[in-house]
There are 2 protein chains.
Amino acid sequence: MTRKQNSTYSSNEKYLVACDLTYALQKIHGRWKLQILDKLKDGRLRYNELRREFSHITERMLTLQLRSMEHDGLISRTVYAEVPVRVEYGLTEIATELGPILNQLSLWGRKQRQKA
Amino acid sequence: MTRKQNSTYSSNEKYLVACDLTYALQKIHGRWKLQILDKLKDGRLRYNELRREFSHITERMLTLQLRSMEHDGLISRTVYAEVPVRVEYGLTEIATELGPILNQLSLWGRKQRQKA
DNA sequence: CTGTATCCACTGTGATACTG
DNA sequence: CAGTATCACAGTGGATACAG
């Protein structure tokens with residue numbers, strides 16, 4: 001996730017666009033992240049609710065991706081001190097702003113898929 | 001690049017957005033692709049011209065990424081039967097349409113970087 | 001319920017050398 | 001000039017079992 005890659009082009013103004021872009025893409029890069037973002041768009045979900053949404057995901061991967069997204073400020077994690085424990089995940093403001101952009105990219109993708 | 005991943009969620013309408021999106025993201029996924037896209041925005045370039053733009057790229061990687069992008073319909077490759085051989089790469093229409101979208105994503109990325 | 005720990009396979013990237 | 005071939009390695013994703 002933290003690559004030396006940035007050193008390749010961080011010193012030159014001309015590369016700034018690609019640099020921001022790379023920064024953005026790194027945050028949504030991962031097999032499950034976009035699907036998680038998509039699910040949480042409709043409201044906060046618990047760990048096991050998410051797990052059920054993606055029947056093929058392993059616990060390990062769900063945890064890893066959630067941690068990563070939390071670290072990147074895309075989702076918020078709330079623990080309720082109940083018994084048994086309840087944990088809810090929701091989108092942050094920043095992740096919500098991503099919605100429209102991803103929709104456009106999605107449309108671009110659909111357009112290409114239809115041609116192919 | 002060709003993942004079984006799609007089988008995970010191709011059967012359900014609700015996943016279509018993420019599916020198109022994944023499709024799109026796969027096409028621009030790779031360490032150098034965005035930078036290549038960025039360079040070619042300003043006009044067609046030859047193999048060695050591209051190589052010089054990214055001083056750290058290996059010939060192997062440049063070739064691999066170019067081939068992949070060509071296969072994905074993002075760039076076009078033209079060979080001129082001269083001596084020595086001349087090969088030029090340029091953006092396809094589809095890749096050009098990607099520009100504005102990537103700019104938005106880029107702005108989102110910049111916004112986040114400034115906060116962090 | 002919400003995770004961690006361990007082990008393993010695959011993939012992307014890179015270094016280096018070589019070619020028509 | 002414009003690539004290929006070969007080897008190597010780290011990161012990522014996955015299967016399975018275990019834990020607070």
Side-chain angles (χ1 to χ4, degrees), chain A residues 1-9 18 22 25-36 39-40 44-72 75-90, chain B residues 1-9 18 22 25-36 39-40 44-72 75-90:
Chain A
M1 208 53 77
T2 304
R3 303 275 188 79
K4 54 197 166 188
Q5 169 179 8
N6 291 316
S7 64
T8 309
Y9 52 93
T22 301
L25 287 167
Q26 281 177 352
K27 294 203 176 308
I28 57 178
H29 165 257
R31 173 161 179 184
W32 307 99
K33 287 185 186 174
L34 289 167
Q35 299 175 66
I36 293 174
K39 290 303 174 192
L40 292 181
R44 300 172 64 77
L45 289 176
R46 302 179 59 171
Y47 182 85
N48 269 347
E49 287 173 334
L50 277 171
R51 196 148 77 95
R52 258 174 262 122
E53 294 284 353
F54 318 112
S55 51
H56 290 85
I57 199 172
T58 61
E59 292 157 1
R60 172 191 148 87
M61 287 316 299
L62 180 54
T63 300
L64 282 179
Q65 307 267 304
L66 286 173
R67 289 283 180 280
S68 168
M69 294 170 75
E70 190 191 357
H71 173 262
D72 284 340
I75 61 176
S76 61
R77 179 176 181 272
T78 313
V79 183
Y80 296 92
E82 306 173 351
V83 180
V85 188
R86 182 162 60 102
V87 180
E88 276 189 3
Y89 294 92
Chain B
M1 209 51 78
T2 303
R3 302 276 191 79
K4 54 197 167 191
Q5 170 179 6
N6 291 316
S7 64
T8 310
Y9 52 94
T22 300
L25 287 167
Q26 280 176 352
K27 294 203 176 308
I28 57 176
H29 165 256
R31 172 159 180 186
W32 306 98
K33 287 186 185 173
L34 289 167
Q35 299 174 67
I36 292 173
K39 290 302 174 195
L40 292 182
R44 302 171 62 77
L45 289 175
R46 303 179 59 170
Y47 183 86
N48 270 345
E49 287 173 335
L50 277 171
R51 196 148 79 95
R52 259 174 262 122
E53 294 284 351
F54 318 111
S55 52
H56 290 85
I57 199 170
T58 59
E59 291 157 2
R60 171 190 149 85
M61 285 316 299
L62 180 55
T63 300
L64 282 179
Q65 307 265 304
L66 287 173
R67 288 285 180 279
S68 169
M69 294 169 75
E70 189 190 359
H71 173 262
D72 286 339
I75 60 176
S76 62
R77 178 176 180 271
T78 313
V79 183
Y80 297 92
E82 307 173 350
V83 179
V85 189
R86 182 162 59 104
V87 180
E88 277 188 1
Y89 294 91

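Letters go in sequence order (proteins before strands), and every chain restarts at 1.
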Nearest whole Å is fine: how far is D:dG3 C1' from B:Glu88 CD? 17 Å

Which heavy atom in A:Lys39 sits nearest to a heavy atom in A:Leu50, and how many Å separate them? CB-CD2, 4.3 Å

Residues at least two apart in sequence or cross-chain that pass side-chain contact (heavy atoms from CB on, under 4.5 Å) with B:Arg60, listed by chain then number, are B:Thr58, B:Leu64

Rounded distance in Å - CD1 (B:Ile28) to C1' (C:dG12): 17 Å

Do the rings of A:His29 and B:His29 sit parallel, tilted or perpendicular, given the 30° and 60° boundaries? parallel

If only side-chain N and O atoms of A:Tyr89 are considered, is one of them under 4.0 Å from the OP1 or OP2 phosphate oxygen of C:dG3? yes

Is any side-chain nitrogen or oxygen of B:Gln65 closer than 4.0 Å to OP1 or OP2 of C:dT13? yes

Taking all non-hydrogen atoms of both residues into account, name the closest pair between A:Gly90 and A:Arg44 and its distance. CA-NH1, 3.7 Å

Could you give the CZ-to-C1' distance, from A:Arg77 to C:dT2, as a whole number of Å? 8 Å

Could you work out which one of D:dC1, D:dT4, C:dT2 sits closest to the side chain of B:Arg67? D:dT4

Do B:Asp72 and B:Ile28 touch side chain to side chain, with heavy atoms closer than 4.5 Å? no

What's B:Asn48 touching, base or sugar-phosphate or nothing? Going by heavy atoms closer than 4.0 Å. sugar-phosphate

Counting only side-chain N and O atoms of A:Arg86, is one of them less than 4.0 Å from OP1 or OP2 of C:dG3? no

Could you give the NE2-to-P distance, from B:His29 to C:dT11, as a whole number of Å? 13 Å

Can you build the contact string for nucleotides 14-20 of chain D? Use B for base contact, S for sugar-phosphate-only contact, and - for no protein heavy atom under 4.0 Å. BB-B---

To the nearest angstrom, the CD-P distance between A:Gln26 and C:dT13 comes to 12 Å

I need the CZ-P distance between B:Arg52 and D:dC1, as an integer number of Å. 7 Å

Checking A:Arg77 now: which residues fulfil side chain to side chain donor-acceptor pair (under 3.5 Å) with it, not counting sequence neighbours? A:Tyr89

Between atom CG in A:Leu62 and atom P in C:dG3, what is the gap in whole Å? 8 Å

Side-chain atoms of B:Leu64 come closest, of D:dA2, C:dT13, C:dT4, to C:dT13

Is a side-chain donor or acceptor of A:Gln65 paired with a backbone partner of A:Trp32 at a separation under 3.5 angstrom? yes

Round to the nearest Å and state the distance from A:Leu66 atom CG to C:dT2 atom C1'. 11 Å

